[in-house]
Amino acid sequence: MENIEIARRLEELADLLEIQGANPFRIRAYRNAIRTVSGLTRPLSEVAAEDALTDLPGIGKDIGGYIGELLDTGKLSILDEVTAEVPRELATLTRLDGVGPKKARKLWKELDVTTPDELEAAAKEGRVAALSGFGQKSVEKILRAIEDFRKHQGRFLRAEAVQYLRPLLVHVEGVEAIRRLEVAGSYRRGKETVGDIDLLALVEGDDDRAGVMEAFTTFPGVDRIEMSGETRGSVVLTSGLPVDLRILGPESYGAALHYFTGSKEHNVEIRKRAQKRGLRVSEYGVFEEEGKGGDDGDANSDPHAGRRIAGATEEEVFGALDLPFIPPVLRENRGEIQAADQGALPKLVEADQLRGDLHMHTTWSDGRDSVRAMAEACRDRGYAYMAITDHSQAVTVARGLTPERLREQWVEIDEARDQVEGIQILRGCEVDILKDGSLDLPDDVLAELDIVLVAVHSHFDLDQATQTERILTALRHPLVDILVHPTGRLINRREPYALDMEAVLQAALEHDVAVELNTNPRRLDLHDRHLFRARELGVPVVISTDAHRTAQLAYVDEGIHQARRGWLEAGDVLNTRDRDGMQAWLKRREG
DNA sequence: GCCGTTTTCGGCCCGACTGTTTTCAGTCG
C-alpha cells in the first residue's frame with residue numbers, strides 16, 4: 001500500500017474520531033502522524049521492513065501498529081470499529097465550508113443528516129435553522145457551501161489563477177496607502193494548483209486601513225464578500241477564486257509574509273522550534289515570552305505581549321530561530337527546517353541554468369510550428385541544444401510518424417541544421433510504449449535516432465502490476481533515454497495511471513534512463529514528491545516543455561517551480577549540462 | 001496518541017472573524 005493511501009485512511013480515522021468527540025490532543029497526534037506520512041519520500045513498506053516506523057516523528061506504538069496493519073492486510077480494524085458508530089460520509093460533510101466536526105456531529109445526531117444532499121434538503125425545510133447554534137445566516141452559508149462543493153471540487157491551476165487575480169491586484173494597488181502588496185500562500189510556494197489566493201498589504205499606521213479594505217471588497221470582479229474586518233477580509237471572485245487580504249504594518253510584514261506563505265505544516269514546525277527557545281511566533285512577529293506560567297493567562301491572549309525580536313522581514317524571522325532563509329518552494333515540512341539548521345539546504349536549480357529542451361512537437365505530428373521555427377525559437381532562448389520529438393505511429397490521432405515518415409523528417413532536420421546556426425538539433429522521437437511494453441518503432445530505426453523518449457498514451461486503465469511491468473519492460477530496452485510524463489496525469493482532469501513509481505524509479509536507476517519533468521501546466525509530471533525521490537535515488541531528471549508550438553517553450557518558466565519544490569539542484573537535472581556533457585550522457589552505453 | 005538537553009507526567013501552534021450568544025464556541029487558515 002502506497003504512503004498516500006495510508007495517509008488517507010489515517011485521515012479518515014482522525015476525521016471520524018473528531019466527530020465522535022475524541023480527546024482533541026489525540027486527534028492532533030493523528031494529524032501529526034499524517035503529516036509525517038504524507039511528507040515522507042521513502043515508501044513506508046521499506047521503513048516497516050527495517051522495523052523503524054516508530055523512529056518517525058509523531059509515530060508511536062499505536063499508530064505504528066496501524067500502519068503495519070495497513071501494510072500487511074490492507075485493512076484497519078480500528079477504522080472499521082469507528083465507522084460502525086459514526087457514518088463515514090460525515091467526514092465529507094466537514095469538507096463543506098463552515099462545517100466542522102462539531103456541527104457535523106450535531107446535524108447527524110439531531111437531524112440524522114450525513115450527506116450534502118440530505119443537508120441541503122434539511123436546510124431548505126427549515127430544520128437546520130431550528131437547531132441551537134445555527135441561525136438563518138448559517139443556513140445561507142451552508143447552502144452556498146454545498147453549491148460550491150458540487151461545482152468546484154478541483155483547485156485552480158496556478159497559471160489560471162494568476163489571470164483572474166491580475167485585475168484585482170491592479171485595482172488594490174491603486175490605493176495610495178499601500179506600500180507593498182504581495183501574493184503569499186501556495187501561490188508563492190510555487191504549487192501547481194492553488195485553492196485560494198492570500199494577499200498581504202503593507203500599510204503604515206492605522207489611518208487608511210479601512211480604505212484599503214474598502215477598495216478590496218468593492219472591486220467589480222467580486223462576486224460576494226465572505227468577511228470584512230479591520231485587518232482581514234475575504235471575498236470570492238466571479239471566477240470562483242477565493243481571495244483573502246491581510247493588512248499589516250511594517251514591523252510585522254515579514255512575519256506575516258512568512259506566516260501566510262505557509263505551508264501550515266511548515267508553520268507548525270517553526271512554532272514548535274520557537275517554543276523550545278522560549279519564543280512565540282505569530283503573524284505579528286517573533287516575541288520573547290515573559291513571566292511564563294506566572295501570569296493569569298491574559299498575557300498569552302494578547303498577540304503583542306512580550307518583547308518583539310523580529311518581524312519586519314522573513315530573514316529576521318528565520319534569523320531569530322537561528323535559521324538561514326528558507327526558500328518558499330521548500331516550506332512543506334519535508335525536512336527543510338532540519339536541512340536549514342544543518343546548513344544543508346539545496347542550491348535549487350534555476351530556469352536560466354537549463355541548456356536545452358529535449359521534448360517538443362512540430363507540424364510532422366500534432367505540433368503547430370515547423371522544425372525550423374522551433375529551432376529558431378530554441379536558439380533565441382539561448383539553448384545550446386534541443387530535440388525534435390514527434391509522436392510515433394501508434395498515436396494516430398496525433399498523426400504519429402511511421403519509420404518512413406520519420407526518415408523524411410530527418411531530411412528536414414538536416415536542412416534546419418544548416419539554416420539555424422548556434423544550436424544543436426537532435427533528432428528524436430516520442431516513441432509509444434505499446435500495451436505489452438514493447439516499443440512502437442523497430443530497433444534499427446531507434447538506433448538511428450540521437451535521443452529516444454518513451455511514453456504511455458493508451459491503455460490507461462491497466463491494473464497497477466500490469467501497468468508497472470509494461471513500463472519496466474520499456475525501460476529495459478537498451479536504446480531508451482528518457483521516460484516522459486511518467487504518471488500520465490492531467491491536473492483536475494485525469495488521475496495518474498496505476499503505477500508503482502518506486503519500482504519505476506528503481507528501474508530507471510538500474511537501466512540508466514532519465515525521467516522527465518514535463519512542464520506543461522496541465523501535466524507537471526513528474527510531480528514534486530517523485531522528483532524528490534528521484535533525486536534521493538540519483539535518477540537523472542530532464543526538464544522539458546513538450547511544446548506543441550513555439551510559444552509553449554515558455555512553459556519552462558512556470559514548470560521550474562515544480563523542480564525546485566522537488567529540491568532539485570542543477571546537478572540533478574540532465575539538461576543543465578553543456579553540449580559536450582549532454583553528448584557524453586547520450587553516448588553513455590557505448591564503450 | 002506522542003513526546004522529553006528543564007519533564008516518563010503534563011503538556012501539546014496561534015490568532016481573526018462570524019454568528020448566535022448575553023461572554024463565547026466553532027471554524028478557518
Side-chain angles (χ1 to χ4, degrees), chain A residues 10 13-14 17-19 22-36 53-67 78 93-107 128-142 145 184-186 194-200 213 225-234 242-248 252 255-256 258-287 289 292-293 300-306 333:
Chain A
L10 292 176
L13 178 59
L17 284 171
E18 199 169 11
I19 293 167
N23 178 350
F25 293 110
R26 183 178 167 208
I27 304 299
R28 184 174 296 176
Y30 278 98
R31 307 245 183 250
N32 288 339
I34 292 163
R35 256 202 319 276
T36 295
L53 284 174
T54 53
D55 293 346
L56 298 170
I59 295 177
K61 192 160 146 287
D62 287 17
I63 297 181
Y66 299 153
I67 293 173
I78 184 172
L93 221 49
T94 63
R95 299 279 120 77
L96 296 174
D97 215 28
V99 180
K102 301 283 167 55
K103 289 188 174 174
R105 178 184 173 84
K106 190 155 203 160
L107 291 164
V128 175
L131 291 178
S132 75
F134 290 80
Q136 196 48 44
K137 294 234 174 168
S138 310
V139 172
E140 285 166 22
K141 188 169 181 174
I142 281 172
S186 50
V194 296
D196 62 7
I197 292 288
D198 295 286
L199 288 182
L200 288 191
M213 191 54 73
I225 300 168
E226 294 282 345
M227 66 167 76
S228 168
E230 192 186 336
T231 62
R232 183 172 167 197
S234 181
V243 184
D244 284 1
L245 173 71
R246 273 93 174 180
I247 301 172
L248 291 129
S252 294
H258 173 262
Y259 181 82
F260 291 112
T261 295
S263 66
K264 191 178 171 186
E265 291 74 14
H266 168 89
N267 287 352
V268 169
E269 289 306 309
I270 285 286
R271 277 187 228 123
K272 281 189 190 163
R273 183 180 175 96
Q275 208 180 26
K276 282 182 192 160
R277 289 167 160 68
L279 301 172
R280 188 182 85 250
V281 176
S282 76
E283 62 260 52
Y284 297 111
V286 183
F287 298 88
E289 302 275 26
K292 281 191 76 175
N300 289 333
S301 63
D302 176 4
H304 298 280
N333 191 31

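In the text below, chain A, chain B and the rest are named by the order of the sequence lines, each starting its count at 1. Side chains included, hydrogens not; waters and symmetry mates left out as well; all remaining heavy atoms used. Source: prediction; values computed, not measured.
Of the candidate nucleotides B:dG26, B:dG29, B:dC12, B:dG26 has the atom lying nearest to any side-chain atom of A:Lys103. Nearest to the side chain of A:Lys137, among B:dG1, B:dG15, B:dT20, sits B:dT20. Between B:dC12, B:dG29, B:dC17, one nucleotide has an atom nearer to the side chain of A:Thr231 than all others, and that is B:dC17. Taking every side-chain heavy atom of A:Ala29 into account, B:dC2 is the closest of B:dG15, B:dT20, B:dC2.
At the heavy-atom level, A:Pro101 lies under 4.0 Å from the strands shown only through sugar-phosphate atoms. Residue A:Leu56 is classed as a sugar-phosphate contact, given heavy-atom separations below 4.0 Å to backbone atoms only. Within the nucleic acid shown, A:Leu279 has no heavy atom closer than 4.0 Å to any nucleic acid atom. If you check every strand for non-hydrogen atoms under 4.0 Å, A:Asn267 touches nothing. Among the protein residues, A:Glu140 comes within range of no part of the nucleic acid, since none of its heavy atoms lies under 4.0 Å from any strand.
A donor N or O paired with an acceptor N or O is found under 3.5 Å between the base of B:dG29 and the side-chain atoms of A:Tyr259.
Annotation: B:dG10 and B:dG15 have their P atoms spaced 26 Å apart (nearest Å). With P as the reference atom, B:dA16 and B:dT20 are 22 Å apart, rounded to whole Å. Comparing the P positions of B:dC14 and B:dC9 gives a spacing of 25 Å, expressed to the nearest Å. On the P atoms, B:dT5 is 23 Å away from B:dG1, given to the nearest whole Å. Remark: the separation of the P atoms in B:dC12 and B:dC17 is 25 Å, to the nearest Å. Here the separation of B:dG26 from B:dT22, taken at their P atoms, is 13 Å to the nearest Å.
Rounded to whole angstrom, the span from the CG atom of A:Asn32 across to the P atom of B:dG1 amounts to 14 Å.
In this structure, B:dG4 forms a base pair with B:dC9, meeting either the Watson-Crick or the G-U wobble geometry with both donor-acceptor distances under 3.5 Å.
The two residues A:His266 and A:Asn333 come nearest to each other via the heavy atoms N-CB, 3.9 Å.
Here the CD-CZ distance, from A:Glu226 to A:Arg232, works out to 11.0 Å after rounding to the nearest 0.5 Å.
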